[in-house]
Amino acid sequence: MISSFIVTGFLGAGKTTFMINAVRDYFKDRKVAIIVNEIGDVGVDGKILQNVYSNVLELPEGCICCSLQSEFEKGVYEILEKYNPDFLFVETSGASNPFPIMLSLQNIGSLLEAVICLVDAKNFRSYKSNETFRYQIGSSNIIVINKADLVSQEELKLVEEELKAIKKEYNLKDFLTNEEFFKNFKIYVSSYGKVESGLFEHTYPIKDLPNLPEQLANVNHLKESNIGEYIVFLEKELSYEDLDKSLKNLPANVYRVKGIVKLKDFDTYMVLNYVFGYTELSPIENYSGKSFLVFIGENIRKENVFAL
Ligand SMILES: Nc1nc2c(ncn2[C@@H]2O[C@H](COP(=O)(O)OP(=O)(O)OP(=O)(O)O)[C@@H](O)[C@H]2O)c(=O)[nH]1
Ligand SMILES: [Mg+2]
């Protein structure tokens with residue numbers, strides 16, 4: 001039986017970073033396959049992951065929690081046949097509810113080791129009222145408060161307290177019996193998704209998912225939360241300064257920008273990561289396509305995206 005982990009969490013919380021570290025640090029001698037799903041039809045995470053790991057399946061477009069559920073199940077069978085892995089990691093898009101994916105993995109007969117929700121300690125307050133984020137917390141049995149390097153110990157404590165309150169309110173409940181599904185959950189703290197080995201040594205496999213009302217088990221979350229994306233292909237090479245200036249002027253409804261760009265200042269293509277005002281660049285090997293940026297946000301429109 002294949003064991004699986006679902007890695008969920010809001011846009012830019014550190015899901016991909018966490019998976020890269022987890023697979024490298026704790027699953028080195030095991031056969032692991034990764035499925036990643038992103039908003040939009042130009043994926044960035046798949047390309048990053050493929051550079052560090054070969055068994056990666058990218059499910060682009062839409063979100064696996066709604067329109068892509070059958071596509072997801074097909075993808076899992078494909079990956080099982082191709083790689084025969086011992087472990088499967090599934091990174092959901094930042095705008096999806098993990099519950100339908102939990103159901104799919106259960107239907108397929110996989111042992112669901114844990115649903116791990118990454119939380120961005122620094123930007124938590126900007127998105128804590130988002131319903132999808134709250135369901136992500138409710139559907140997880142491991143919460144990782146990430147980006148601890150960006151906040152004080154006091155802030156970490158406050159985030160933890162607020163998360164416990166959200167967990168209580170949104171914890172999965174059986175629709176028929178009203179019984180709480182996750183009686184226990186664990187909270188870890190990390191920087192750059194690096195967690196202690198205990199997280200993977202003491203999981204509490206998830207069995208017999210509760211009955212949920214139809215509208216919770218099967219919602220089109222992208223539509224409901226109005227989170228959308230806009231892709232821009234860059235025709236000319238920019239300097240980092242120009243790009244940074246434009247990013248600093250983005251409106252607040254654009255939470256996340258990610259892409260692969262060739263800039264005047266660097267010889268290689270760079271992965272650009274922008275999360276709620278913070279920008280990071282890192283080199284990427286084996287990329288030869290066009291430079292592009294994906295802008296993700298709430299009610300995003302062409303006017304929100306800068307002209308390049
Ligand atoms: N300072 C800091 N930055 C982090 C940490 N974890 C991740 N990041 C950065 O945050 C950005 C987003 O990280 P990802 O791992 O791509 O986040 P994600 O949740 O996979 O993002 P989406 O898939 O787009 O939702 C990147 O620039 C990371 O390097 C952390 O603990 N501290
Ligand atoms: Mg990611």
Side-chain angles (χ1 to χ4, degrees), residues 5-24 34-53 56-65 89-98 116-124 126-127 130 132-133 136-137 140 143-152 155-156 159 188-196 221-222 225 227-231 244 247 254-261 270-284 292-298 300:
F5 290 95
I6 294 176
V7 181
T8 185
F10 203 64
L11 298 160
K15 299 177 288 297
T16 305
T17 311
F18 168 84
M19 281 203 310
I20 290 173
N21 285 325
V23 172
R24 189 196 52 213
I34 296 174
I35 295 185
V36 57
N37 171 237
E38 282 184 90
I39 299 176
D41 42 27
V42 184
V44 178
D45 288 0
K47 292 178 186 64
I48 296 171
L49 287 162
Q50 268 151 12
N51 266 310
V52 291
Y53 210 75
V56 178
L57 179 76
E58 209 177 340
L59 285 181
E61 232 187 314
C63 98
I64 24 182
C65 79
F89 276 76
V90 182
E91 176 182 343
T92 71
S93 100
S96 21
N97 178 335
I116 304 167
C117 184
L118 273 282
V119 178
D120 180 333
K122 177 74 188 170
N123 298 303
F124 166 74
S126 307
Y127 65 75
N130 180 285
T132 302
F133 163 68
Q136 290 172 344
I137 292 290
S140 306
I143 296 171
V144 178
I145 307 179
N146 190 37
K147 306 200 186 178
D149 55 306
L150 298 179
V151 300
S152 66
E155 275 177 81
L156 268 182
V159 172
Y188 291 82
V189 171
S190 79
S191 291
Y192 282 96
K194 287 195 189 108
V195 285
E196 50 190 279
H221 293 95
L222 276 183
S225 64
I227 290 180
E229 43 92 32
Y230 205 91
I231 299 166
D244 194 45
L247 289 170
V254 180
Y255 309 143
R256 178 88 170 102
V257 184
K258 57 205 285 191
I260 301 179
V261 289
M270 304 297 280
V271 173
L272 177 131
N273 262 302
Y274 166 99
V275 184
F276 290 99
Y278 287 78
T279 306
E280 235 181 59
L281 281 177
S282 51
I284 182 163
F292 69 92
L293 291 173
V294 185
F295 296 79
I296 303 165
E298 203 133 338
I300 198 159

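For ligands, and for the atoms within them, numbers begin at 1 and follow the listed sequence. Residue numbers start at 1 and run along the sequence shown.
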**OP:** Work out how many protein N, O or S atoms lie closer to the Mg ion (ligand 2) than 2.8 Å.
**Re:** 3
Subject >> Residue Asn273 vicinity, atoms of ligand 1 by number, heavy atom under 4.0 Å >> reply: 12 (C), 16 (O), 26 (C), 27 (O)
**OP:** Looking only at distances, please establish whether an N/O atom of ligand 1 is found under 3.5 Å from an N/O atom of Gly12.
**Re:** yes
Original post:
Less than 4.5 Å apart, any side-chain heavy atom of Lys147 and any of Val275?
Top reply: yes
Original post:
Does any non-hydrogen side-chain atom of Ile227 lie less than 4.5 Å from one of Asn130?
Top reply: yes
Original post:
In terms of residue, atom name and distance, what is the protein heavy atom nearest to atom 30 (C) of ligand 1?
Top reply: Tyr192 N, 3.2 Å
**OP:** Please determine if Ala148 has a nitrogen or oxygen closer than 3.5 Å to a nitrogen or oxygen of ligand 1.
**Re:** no
Original post:
Hey, does the side chain of Asp149 reach the backbone of Ser191 with a donor-acceptor pair shorter than 3.5 angstrom?
Top reply: no
Original post:
Nearest to atom 16 (O) of ligand 1, what protein heavy atom do you find, and at what distance?
Top reply: Arg256 NH2, 3.3 Å
Subject >> Any side-chain heavy-atom pair of Asp120 and Phe10 under 4.5 Å >> reply: no
Subject >> Test item: Tyr255 and Ile296 side chains (from C-beta on) under 4.5 Å apart, heavy atoms >> reply: no
Subject >> Inter-residue atom distance Leu293.CG - Lys258.NZ, 0.5 Å rounding >> reply: 12.0 Å
**OP:** Begin from the C-alpha positions of Thr132 and Asn97 and carry the test side-chain hydrogen bond (donor to acceptor under 3.5 Å, both in side chains) through to its verdict.
**Re:** CA-CA 6 Å; Thr132 302; Asn97 178 335; over 6 Å; no
Original post:
Non-hydrogen atoms of Ser191 versus ligand 1: any pair closer than 4.0 Å?
Top reply: yes
Original post:
Is any side-chain heavy atom of Val44 less than 4.5 Å from a side-chain heavy atom of Phe292?
Top reply: yes
Original post:
Does Gln136 reach the main-chain N or O of Ser96 with its side chain, forming a donor-acceptor pair under 3.5 Å?
Top reply: yes
Subject >> Non-hydrogen side-chain atoms of Ile48 and Ile20 separated by less than 4.5 Å >> reply: yes
**OP:** Starting from atom 6 (N) of ligand 1, find the nearest protein heavy-atom neighbour and note its residue, name and distance.
**Re:** Asn146 ND2, 3.0 Å
Original post:
Which protein non-hydrogen atom lies closest to atom 17 (O) of ligand 1, naming both residue and atom, and how far is it?
Top reply: Gly14 N, 3.1 Å
**OP:** Could you find the nearest protein heavy atom to atom 18 (P) of ligand 1 and give me its residue, atom name and distance?
**Re:** Lys15 N, 3.4 Å
Original post:
Heavy atoms only: which of Thr17, Val294, Ile20 is nearest to atom 14 (P) of ligand 1?
Top reply: Thr17
**OP:** Could you pull out, from Glu280, Lys147, Glu91, the option with a heavy atom nearest to atom 10 (O) of ligand 1?
**Re:** Lys147
Original post:
Mind checking whether Leu150 and Glu155 have side chains closer than 4.5 Å, heavy atoms only?
Top reply: no
Subject >> Location of contacts on Lys258 toward ligand 1, heavy atoms closer than 4.0 Å >> reply: side chain
**OP:** Starting from atom 11 (C) of ligand 1, locate the nearest protein heavy atom and write down its residue, its atom name and how far away it is, to 0.1 Å.
**Re:** Val275 CG2, 3.8 Å
Original post:
Within a strict 4.5 Å, meaning less than it, do heavy atoms of the Val151 and Val159 side chains meet?
Top reply: no
Original post:
ligand 1 versus Leu150, non-hydrogen atoms closer than 4.0 Å: side chain, backbone, both, neither?
Top reply: side chain
**OP:** For Lys15 and Val7, indicate whether the former's side chain and the latter's backbone hold a donor-acceptor pair under 3.5 Å.
**Re:** no
**OP:** Number the atoms of ligand 1 from 1 as they appear, then name those within less than 4.0 Å of a heavy atom of Leu11, with their elements.
**Re:** 25 (O)
**OP:** Say whether, by atom type as modelled, one donor and one acceptor occur between the side chain of Asn273 and the main chain of Glu280 under 3.5 angstrom.
**Re:** no
Subject >> Residue part near ligand 1, for Asp45, under 4.0 Å between non-hydrogen atoms >> reply: side chain
Original post:
Which option, Val151, Ile145, Asp149, owns the non-hydrogen atom nearest atom 32 (N) of ligand 1?
Top reply: Asp149
